Enquirer: 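Attaching a single structure in structure tokens format; questions to follow.
A quick note: this is a predicted structure, and the numbers were derived from the prediction, not measured.
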Amino acid sequence: MQQHTLGGKVALVTGSTSGVGRATALSFAREGASVVVINGRDAEAGERVRRDLAARVPGTAFHFVRADMNRREEIAALFERTAELGGGLDLFVHSGYGGSGLPDLFESLSIEQKEDAITAIFTSLVRCCHYAVPLLRARGGGAIVGVISDAAKVPTPGESVHGGALAGSGMFMRGLAREVGRYQIRVNAVCPSLIRETRNYDKVMDGGFARQLFQKIEKRATLGLPGPEDLANLITFLAGPLAAHITGQMVSINGGISGA
Ligand SMILES: NC(=O)c1ccc[n+]([C@@H]2O[C@H](COP(=O)([O-])OP(=O)(O)OC[C@H]3O[C@@H](n4cnc5c(N)ncnc54)[C@H](OP(=O)(O)O)[C@@H]3O)[C@@H](O)[C@H]2O)c1
């Protein structure tokens with residue numbers, strides 16, 4: 001019989017009513033997670049996705065908890081509720097950062113858009129980890145995986161603010177990994193460039209500067225663009241026992257777009 005790598009684990013995946021987060025929640029359940037908490041801002045969509053996932057993997061208890069990643073008090077309540085629902089937390093994935101703006105040239109972004117990108121990308125991750133670490137520590141260990149981007153590694157025109165915030169996220173995770181290894185907590189990041197079949201893909205391809213930028217980038221994906229399931233496979237690997245000795249890494253998954 002096939003062994004489930006995440007048997008009995010309690011997981012929280014933020015931004016998981018769509019795209020990478022949703023695929024990750026499903027993958028964790030298929031690997032045996034006993035409780036998977038999904039999250040987003042739209043409660044109706046959340047309940048729809050929760051029902052769909054529960055029908056696909058009846059052995060896993062799925063819960064939807066609404067929280068906006070831009071609001072500290074909602075993040076705190078999300079972790080508190082997750083710990084109640086699961087009796088603790090073993091695995092935390094930060095996906096779907098909730099930035100409202102698209103990549104654009106520095107001079108074209110308003111000061112509000114710049115600050116919004118930093119809060120959505122960097123501050124939300126730090127806040128989530130603030131609440132995740134004590135819960136993982138209380139279980140004697142666990143794993144954190146952040147979905148960031150190759151923009152954290154490769155400077156690109158139009159991504160100075162996004163890339164800067166993402167690079168901050170990457171270095172934050174690497175530093176955190178060094179601190180919490182003593183508690184058997186591993187911290188890693190996955191770095192896509194462009195992911196097909198996601199809302200983000202549709203948004204950046206909708207027009208303007210972002211479309212020009214990403215159309216060029218897409219042509220470089222000699223292996224084809226990864227989809228949400230490809231990201232989910234990598235995240236599941238990093239969250240599970242096969243990656244027991246991997247921490248503090250930023251793993252690129254970009255179909256050959258760059259050697260980031
Ligand atoms: N797709 C790409 O091409 C690409 C490229 C590089 C990096 N990434 C990164 O990969 C991650 C996942 O992207 P994706 O394209 O798979 O996502 P997606 O399909 O756009 O889905 C985003 C998810 O996040 C939720 N969300 C958005 N804003 C939120 C907020 N403020 N608070 C809580 N939840 C929020 C959405 O639900 P609600 O709208 O209901 O809140 C949805 O569940 C993101 O961190 C993104 O930056 C994606």
Side-chain angles (χ1 to χ4, degrees), residues 6 9 11-25 27-28 36-40 67-70 72 75 78-79 82 89-99 117-137 141-154 159 161-181 183-195 198 200 226 228 230-240 243 246-254 260:
L6 304 182
K9 299 292 183 196
L12 166 62
V13 185
T14 60
S16 44
T17 57
S18 167
V20 173
R22 184 188 170 287
T24 300
S27 172
F28 279 8
V36 177
V37 176
I38 61 168
N39 153 262
D68 184 336
M69 283 298 111
N70 294 317
R72 187 211 295 157
I75 291 174
L78 167 66
F79 279 87
T82 298
L89 181 67
D90 302 296
L91 311 171
F92 168 59
V93 178
H94 185 269
S95 186
Y97 59 78
I118 294 164
T119 305
I121 295 168
F122 181 70
T123 311
S124 76
L125 174 66
V126 176
R127 284 174 173 159
C128 283
C129 289
H130 176 83
Y131 297 106
V133 167
L135 293 175
L136 300 180
R137 196 179 161 183
I144 296 174
V145 182
V147 183
I148 56 172
S149 161
D150 270 349
K153 299 180 178 178
V154 182
E159 294 197 299
V161 177
H162 283 76
L166 287 158
S169 296
M171 188 52 93
F172 160 66
M173 297 188 80
R174 293 177 66 196
L176 184 63
R178 299 298 303 266
E179 285 190 30
V180 299
Y183 310 128
Q184 305 304 310
I185 300 172
R186 297 181 300 103
V187 187
N188 290 291
V190 298
C191 300
S193 284
L194 195 57
I195 310 164
T198 58
N200 266 311
D230 299 301
L231 270 288
N233 286 340
L234 177 58
I235 294 167
T236 305
F237 165 73
L238 288 171
I246 301 177
T247 196
Q249 301 304 308
M250 294 165 63
V251 184
S252 287
I253 169 164
N254 60 30

Enquirer: Quick one: closest heavy-atom pair of His94 and Ile121, and the distance?
Expert: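 Looking at all heavy atoms of both residues, the closest pair is CE1-O, 4.2 Å.
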
Enquirer: Does the side chain of Lys153 reach to within under 4.5 Å of the side chain of Cys191, using non-hydrogen atoms?
Expert: yes

Enquirer: Would you indicate whether the side-chain heavy atoms of Leu176 and Val126 approach each other to under 4.5 Å?
Expert: no

Enquirer: For the side chain of Arg186 and the backbone of Leu238, is there at least one donor-acceptor N/O pair under 3.5 Å apart?
Expert: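 Confirmed, Arg186 side chain pairs with Leu238 backbone.
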
Enquirer: Is there a donor-acceptor contact under 3.5 Å from the side chain of Asn254 to the main chain of Pro192?
Expert: no

Enquirer: Within the structure provided, determine whether Ile75 and Met69 are in side-chain contact (heavy-atom separation under 4.5 Å).
Expert: yes

Enquirer: Please test Leu231 against Ile195 for side chain to side chain contact (heavy atoms under 4.5 Å, CB included), starting from the C-alpha separation and ending with a verdict.
Expert: CA-CA 9 Å; Leu231 270 288; Ile195 310 164; 4.0 Å; yes

Enquirer: Under 3.5 Å, is there a donor-acceptor pair between the side chain of Gln249 and the main chain of Thr247?
Expert: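 Confirmed, Gln249 side chain pairs with Thr247 backbone.
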
Enquirer: Applying side chain to side chain contact (heavy atoms under 4.5 Å, CB included), run through Arg137 and Val180 and close with a yes or a no.
Expert: CA-CA 9 Å; Arg137 196 179 161 183; Val180 299; over 6 Å; no

Enquirer: Could you measure the distance from the OG atom of Ser95 to the CG atom of Asn200? Nearest 0.5 Å is fine.
Expert: 8.5 Å

Enquirer: What do the steps show when you test Arg72 against Tyr131 for side chain to side chain contact (heavy atoms under 4.5 Å, CB included), and what is the final call?
Expert: CA-CA 10 Å; Arg72 187 211 295 157; Tyr131 297 106; 3.9 Å; yes

Enquirer: Has Ser27 got a side-chain atom pairing as donor or acceptor with Ala23's backbone, closer than 3.5 angstrom?
Expert: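 The answer is no, because no donor-acceptor pair under 3.5 Å joins these two groups.
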
Enquirer: Any heavy-atom pair between the side chains of Tyr183 and Leu136 that's under 4.5 Å?
Expert: no

Enquirer: In Å, rounded to the nearest 0.5 Å, how long is the span from CZ of Arg22 to OG1 of Thr17?
Expert: 9.5 Å

Enquirer: Side chains of Asn39 and Thr14: any donor to acceptor distance under 3.5 Å?
Expert: no

Enquirer: Any side-chain heavy atom of Leu89 sitting closer than 4.5 Å to one from Leu12?
Expert: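 SC-SC contact between Leu89 and Leu12 confirmed.
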
Enquirer: Considering non-hydrogen atoms only, spot the tightest contact between Ile38 and Ala25 and give its length.
Expert: CG2-CB, 3.7 Å

Enquirer: Roughly how far, to the nearest 0.5 Å, is the CG atom of Leu166 from the CE atom of Met171?
Expert: 14.0 Å

Enquirer: Which pair of non-hydrogen atoms, one from Ile185 and one from Gly141, has the smallest distance, and what is that distance?
Expert: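 Closest approach of Ile185 to Gly141: CG1-CA, 4.1 Å.
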
Enquirer: What I'd like to find out is whether the side chain of Phe79 reaches to under 4.5 Å of the side chain of Pro134, using heavy atoms alone.
Expert: no

Enquirer: Under the 3.5 angstrom rule, does the side chain of Asn188 hit a backbone N or O of Val251 as a donor-acceptor pair?
Expert: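 Flag not set: sc Asn188 to bb Val251 has no pair under 3.5 Å.
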
Enquirer: Assess the residue pair Val145 and Thr24 against the criterion (side chain to side chain contact (heavy atoms under 4.5 Å, CB included)); give the C-alpha distance rounded to whole Å, side-chain angles, the decisive distance to 0.1 Å, and a yes or no.
Expert: CA-CA 11 Å; Val145 182; Thr24 300; over 6 Å; no

Enquirer: Closest approach of Phe92 and Ala132, non-hydrogen atoms and distance?
Expert: CD2-CB, 4.0 Å

Enquirer: Have Thr119 and Asn70 got a donor and an acceptor in their side chains that come within less than 3.5 Å?
Expert: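 Short answer, no.
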
Enquirer: Indicate yes or no for a side-chain donor-acceptor contact from Lys9 to the backbone of Gly240 under 3.5 Å, with no hydrogens or angles considered.
Expert: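 Judged by distance alone, no pair lies under 3.5 Å.
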
Enquirer: Looking at NE2 of His162 and OG of Ser149, how far apart are the two atoms once the value is rounded to the nearest 0.5 Å?
Expert: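 Separation between the atoms: 9.5 Å.
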
Enquirer: Nearest heavy-atom pair of Gly146 and Met173: which atoms, and what distance?
Expert: N-CE, 3.3 Å

Enquirer: Between OG of Ser169 and CZ of Arg174, what distance do you get to the nearest 0.5 Å?
Expert: 13.0 Å

Enquirer: How close do Pro226 and Ile253 get, counting heavy atoms only, and between which atoms?
Expert: CG-O, 3.7 Å

